[in-house]
Amino acid sequence: MKIQATEVTEIIKQQIADYQSTVDIQEVGTVIQASDGIARVYGLENAMAGELLDFPHDVRGMVLNLEEDNVGAVLFGEYEKIAEGDTVKRTGRIASVPVGDALIGRVVNALGEPVDGLGPIETTQFNPVERIAPGIVDRQGINEPLQTGLKSVDAMVPIGRGQRELIIGDRQTGKTAVALDAIINQKNTGVICVYVAIGQKRSTVARVVEELKEQGAMGYTIVVTASASETAPLQYMAPYVGAAISEYFMDNGKHALVVYDDLSKHAVAYRQLSLLLRRPPGREAYPGDVFYCHSRLLERAAKLSDERGGGSMTALPIIETQANDVSAYIPTNVISITDGQIYLESNLFNSGVRPAINAGISVSRVGGNAQVKAMKGVAGTLRLELAQFRELEAFAQFGSDLDEATQSRLSRGERLVEILKQPQFQPLPVEKQIIIIYAASNGYLDDVAVSDIGEYEQELYNDLENNFVDELNELADTGVLTDDLKAALNGELEKFTETFLDAK
């Protein structure tokens, strides 16, 4: 078989016509310095702040410093393997994490990778780790309550969906306990919870996850962890990753609650990165932009307008103080960013008042707008009465002869303190909170011994569930204590209190 020259020519022409040249251009740089999880890279002229970089040995980096002749990047992973002279490639992608319903019930690290041994997370959606918070036009006023199930919080420092409420106090005063109770109380409310553990021991995080499982809360909770044994870049990233995951639900018209536990350790991680990147230190060796670091994180919490779907993201940042000093640098920063604070006091905690909330310093600047109407009515005088009681209590230590009015106030105050005590992991429905506070504020507990109040409370709830069901449901549905309901409640409380006292 002979092949004609013309046929060969045709084949060559065809191949030339079909040929498509593709040029793969990659911008690469060289590591000029690497130490302590930080790398300086020369040659990446077009790198963007927050961009991911590919280093050798499957190590990822993120650009934080943009300087004249080099970029400063933080490294994720086994940064010890990175050495001077290594080649670095740009990815062209801003740091992002997987988001979506597939993350619910999972424990992930600060890169969004699963660490719970339950296999890969099947999702195709990603959110940027950092993004600009919704503008004023995209928001609406806070008008829906986010019940924590804690009497002292829901009555005195109420939280609304879309609010930022700081939980602040010394070590071991129950800050995490308040946040976990708030998460547990979101069961059957449709609120998706994200718990971000920053710089905590792995055993502590494992205990929190186990407790959430026991309480049936992992079915609507995502845990993001950057433990104390992990590098500063991962601890720095963790809260932003938690915010990105929460924003997915907010953007889809759902409600999210995100807990940052805690931002003191986050500030320390950021200080470490900044000093290694040679940024100038300021007050207490923190860089000048540590305020912006937290403000751009917490500003992302919002209640979106109805046009944007009406979703919300509520933030509960936690800050640890030293010796009850709320005037230190990081505490004052975060207090000024948030919409109020729940201040937990070690003296109260040690004296058995738990949650150890100081009613005088704790405040909610917007949650009152979202508070249930009936709760607003019964708890209006509660804060004042408690503050007066604390003052009188201090004064009464020095005087033995007290007039009858003072003794009566002290007696009422003791009972109010007692009814606000609550065991951990036992959140209470708002209608029961309203009734017990109403009973204490209206003198039904005045004749009950302080030591019997816990028993009185439990028996009252049992009695209400048996003999006051319709009224209890009406209060839960409407959130309004009507005159008829109040009259029925007075009758029920009188009858129950009389029976309880007779039995004693």
Side-chain angles (χ1 to χ4, degrees), residues 27 44 46-55 59-66 71-77 88-104 106 108-114 120-139 162 164 192 194-196 198 222-226 231-254 256-260 263 266 269-270 273 289 292-302 304 308-309 311-315 317 337:
E27 193 175 334
L44 300 182
N46 298 313
M48 303 174 284
E51 183 180 350
L52 285 177
L53 302 177
D54 270 334
F55 286 80
V59 174
R60 281 286 172 94
M62 186 177 80
V63 177
L64 272 192
N65 266 26
L66 296 173
V71 298
V74 293
L75 304 177
F76 308 120
V88 186
K89 294 176 189 170
R90 280 187 63 197
T91 63
R93 287 192 299 117
I94 297 296
S96 58
V97 287
V99 297
D101 293 335
L103 272 82
I104 296 173
R106 302 299 301 269
V108 299
N109 65 13
L111 300 173
E113 299 163 344
I121 293 168
E122 302 294 336
T123 181
T124 55
Q125 292 172 294
F126 286 79
N127 262 7
V129 170
E130 295 218 36
R131 78 173 196 195
I132 296 172
I136 294 168
V137 175
D138 294 327
R139 298 174 182 244
R164 302 156 302 176
I192 305 296
V194 179
Y195 177 78
V196 184
I198 308 158
I222 301 160
V223 176
V224 179
T225 174
T231 59
L234 290 171
Q235 292 183 38
Y236 165 69
M237 283 277 281
Y240 298 105
V241 169
I245 292 169
S246 304
E247 278 172 337
Y248 166 81
F249 299 104
M250 174 175 75
D251 292 340
N252 285 287
K254 297 179 182 175
L257 166 67
V258 57
V259 175
Y260 304 114
L263 290 186
H266 180 245
Y270 184 61
L273 292 183
D289 66 335
Y292 177 61
C293 179
H294 286 154
S295 67
R296 73 175 188 265
L297 169 71
L298 294 169
E299 273 297 308
R300 288 160 76 173
L304 293 181
R308 287 278 307 270
S312 74
M313 174 176 154
T314 310
I337 294 163

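Atoms considered below: every heavy atom in the structure, side chains included; atoms not considered: hydrogens, waters and symmetry mates.
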Checklist outcome for this item: One should read off an interatomic distance between Gln125 CD and Asn252 CG, to the nearest 0.5 angstrom, of 7.0 Å
Checklist entry - Considering all heavy atoms of both residues, which atom of Glu51 and which atom of Thr91 are nearest to each other, and what is their separation? => result OE2-N, 3.5 Å
Checklist outcome for this item: Output for pair (Leu111 CG, Arg60 CZ), nearest 0.5 Å, gives 9.0 Å
Checklist entry - At what distance, to the nearest 0.5 angstrom, does CG of Leu298 lie from CZ of Arg296? => result 11.0 Å
Checklist entry - Can you list the steps and then say if Val224 with Val194 is a side chain to side chain contact (heavy atoms under 4.5 Å, CB included)? => result CA-CA 7 Å; Val224 179; Val194 179; 4.2 Å; yes
Item to check | Any Leu44 side-chain heavy atom under 4.5 Å of Glu27 side chain | outcome: yes
Item to check | Gln235 (side chain) donor-acceptor with Ile198 (main chain) under 3.5 angstrom | outcome: no
Next on the checklist: Are Leu75 and Pro233 packed together at the side-chain level, in the sense that at least one heavy-atom pair is separated by less than 4.5 angstrom?
Outcome noted: no
Checklist outcome for this item: Note: Ala47 and Val71 closest approach over all heavy atoms is CB-CG1, 4.2 Å
Item to check | Heavy-atom pair with the smallest gap, counting every atom of Val241 and Ala110 | outcome: CG2-O, 3.0 Å
Checklist entry - For the residue pair Val59 and Phe76, what are the closest heavy atoms and their distance? => result CG1-O, 3.3 Å
Item to check | Minimum heavy-atom distance Met313-Ser246, with the two atoms named | outcome: SD-CB, 3.7 Å
Checklist entry - side-chain hydrogen bond (donor to acceptor under 3.5 Å, both in side chains) with Arg164: which residues, sequence neighbours excluded? => result Glu299, Asp339
Next on the checklist: Once rounded to the nearest 0.5 Å, what's the spacing between atom OH of Tyr248 and atom OG1 of Thr123?
Outcome noted: 7.0 Å
Next on the checklist: As a test of understanding, state which of Leu263, Val258, Val259 forms a side chain to side chain contact (heavy atoms under 4.5 Å, CB included) with Pro317.
Outcome noted: Leu263
Checklist entry - For the side chain of Asn127 and the backbone of Ala244, is there at least one donor-acceptor N/O pair under 3.5 Å apart? => result yes
Item to check | Closest non-hydrogen atom pair, Ala315 against Ala301 | outcome: CB-CB, 3.9 Å
Next on the checklist: Could you work out, with ring pair (Phe, Tyr, Trp, His ring centres under 6.0 Å) as the rule, every residue matching Tyr240, not counting sequence neighbours?
Outcome noted: Tyr236, His266
Checklist outcome for this item: Between the CG atom in Leu304 and the CZ atom in Arg139, the distance rounded to the nearest 0.5 Å is 8.0 Å
Checklist entry - For the atom pair CZ (Arg90) and CG (Leu52), what is the distance rounded to the nearest 0.5 Å? => result 11.5 Å
Got a list of side-chain donor-acceptor pairs under 3.5 Å for residues 94-104, not counting sequence neighbours?
none

Next on the checklist: If you define the side chain from C-beta out and look only at heavy atoms, does anything of Met62 sit under 4.5 Å from Leu53?
Outcome noted: no
Next on the checklist: Leu297 vs Glu130, test: side chain to side chain contact (heavy atoms under 4.5 Å, CB included). Steps then yes/no.
Outcome noted: CA-CA 8 Å; Leu297 169 71; Glu130 295 218 36; over 6 Å; no
